[in-house]
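I have placed the structure first, in the form of structure tokens, so that the comments after it can refer back to it.
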Amino acid sequence: MMAAPVEVTKASEVYINTGQTEGMIRHGAIIDKSDKICASVMIAEPHSSSAIHHHGKQDTVVYCVRGRGAVVSERGKKRQVLEKGDFALIPAHAEHQEVNEGDEEVEWIITRSGRVPVVENLDGWGKS
């Protein structure tokens, strides 16, 4: 079986064209290139938060590049802080919200188990 070729996405080729949640900027990096995985860059402006959302059937791994942000989950009852170098696992269908309460941007690398990123925004915790 012949392997697919190695592909590189240069920083200048990263684009805004992925599932969006209000308050967050998501730049596609590795999108529609593999049946099993995709990756993007998420920027959270100071004093911002995303809509409450989940990623459907996709598991998500988050890596914090810079800043100090949080993932809120469990119907708003659990808040976990991510700082530079930290990882988080957000399981499929897990409702959550990204929060940046600080004065600096937060940058996360997002990797998901799917060809293209899925973002399903909700009207509140437990509401579709």
Side-chain angles (χ1 to χ4, degrees):
M1 177 179 210
M2 178 156 304
V6 173
E7 294 191 44
V8 173
T9 301
K10 299 301 242 176
S12 62
E13 298 170 329
V14 174
Y15 61 95
I16 300 175
N17 192 21
T18 65
Q20 300 293 318
T21 55
E22 190 174 317
M24 301 294 117
I25 301 165
R26 298 181 191 269
H27 300 277
I30 308 278
I31 307 293
D32 210 22
K33 294 183 178 185
S34 165
D35 290 335
K36 298 178 182 172
I37 197 166
C38 61
S40 57
V41 179
M42 189 276 302
I43 306 288
E45 297 290 333
H47 307 286
S48 67
S49 61
S50 71
I52 298 164
H53 64 283
H54 65 77
H55 301 290
K57 296 178 181 178
Q58 296 180 337
D59 289 325
T60 301
V61 173
V62 176
Y63 173 75
C64 182
V65 175
R66 64 185 168 97
R68 185 177 194 273
V71 177
V72 178
S73 60
E74 297 181 14
R75 302 179 79 73
K77 296 175 185 163
K78 188 171 190 178
R79 184 179 184 280
Q80 295 173 287
V81 172
L82 279 80
E83 298 176 299
K84 184 178 178 179
D86 292 344
F87 285 86
L89 171 63
I90 302 171
H93 297 286
E95 294 181 5
H96 63 284
Q97 180 180 43
E98 295 107 4
V99 177
N100 178 5
E101 296 172 336
D103 294 327
E104 298 179 9
E105 282 187 344
V106 169
E107 181 177 0
W108 292 349
I109 302 300
I110 312 288
T111 305
R112 295 209 185 102
S113 60
R115 188 169 190 85
V116 296
V118 170
V119 176
E120 296 186 26
N121 293 309
L122 307 174
D123 292 329
W125 299 105
K127 299 177 182 177
S128 49

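The first residue of the sequence shown is numbered 1, and numbering continues consecutively from there.
- Atom CD of Glu95 is separated from atom CD of Glu120 by 10.5 Å, given to the nearest 0.5 angstrom.
- Annotation: side chain of Pro91 is in contact with side chain of Asp59 (closest heavy-atom distance under 4.5 Å).
- Taking both residues in full, the closest heavy atoms of Lys57 and Ser113 are given as O-OG, 4.2 Å, listed atom of the first, atom of the second, then distance.
- Considering only heavy atoms from C-beta on, Ile110 comes within 4.5 Å of Ser40 through its side chain.
- With sequence neighbours left out, the side-chain hydrogen bond (donor to acceptor under 3.5 Å, both in side chains) criterion links Thr111 to no other residue.
- Contact record, Glu104 with Asn100: O-ND2, 2.8 Å, taken as the closest heavy-atom pair.
- Between the Ser50 side chain and the Glu98 main chain, a donor and an acceptor come within less than 3.5 Å of each other.
- Considering only heavy atoms from C-beta on, His55 stays 4.5 Å or farther from Pro117 through its side chain.
- Closest heavy-atom contact between Cys38 and Ile31: CB-CD1, 4.2 Å.
- By the 4.5 Å heavy-atom criterion applied to side chains, Ile30 and Ile37 are not counted as neighbours.
- With hydrogens and angles left out, the side-chain atoms of His53 and His96 include a donor and acceptor closer than 3.5 Å.
- In this structure, Val106 and Ile43 have side chains that are not in contact, with every pair of non-hydrogen atoms separated by 4.5 Å or more.
- You'll find the side chain of Glu45 reaches within 4.5 Å of the side chain of Ile25, heavy atoms only.
- For Glu107, the side-chain hydrogen bond (donor to acceptor under 3.5 Å, both in side chains) partners two or more places apart in sequence, or in a different chain, are Arg66.
- Between His54 atom NE2 and Gln97 atom CD the span is 14.0 Å, to the nearest 0.5 Å.
- Looking at residues two or more places apart in sequence or on another chain, you find a side-chain hydrogen bond (donor to acceptor under 3.5 Å, both in side chains) between Arg68 and Glu83.
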Less than 3.5 Å apart, which donor and acceptor atoms pair up between the side chains of residues 73-82 and the rest of the protein, not counting sequence neighbours?
from, atom 1, to, atom 2, distance (Å)
Arg79, NH2, Glu101, OE1, 2.7

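- Counting only distance, with no hydrogens or angles, the side chain of Thr9 and the backbone of Ala29 share a donor-acceptor pair below 3.5 Å.
- Residues forming a ring pair (Phe, Tyr, Trp, His ring centres under 6.0 Å) with His47 (at least two apart in sequence, or on another chain): none.
- For the atom pair CE (Met42) and OH (Tyr63), the distance works out to 14.0 Å, reported to the nearest 0.5 Å.
- Not counting sequence neighbours, the partners of Glu7 by the salt bridge (Lys or Arg N to Asp or Glu O under 4.0 Å) test are Lys33.
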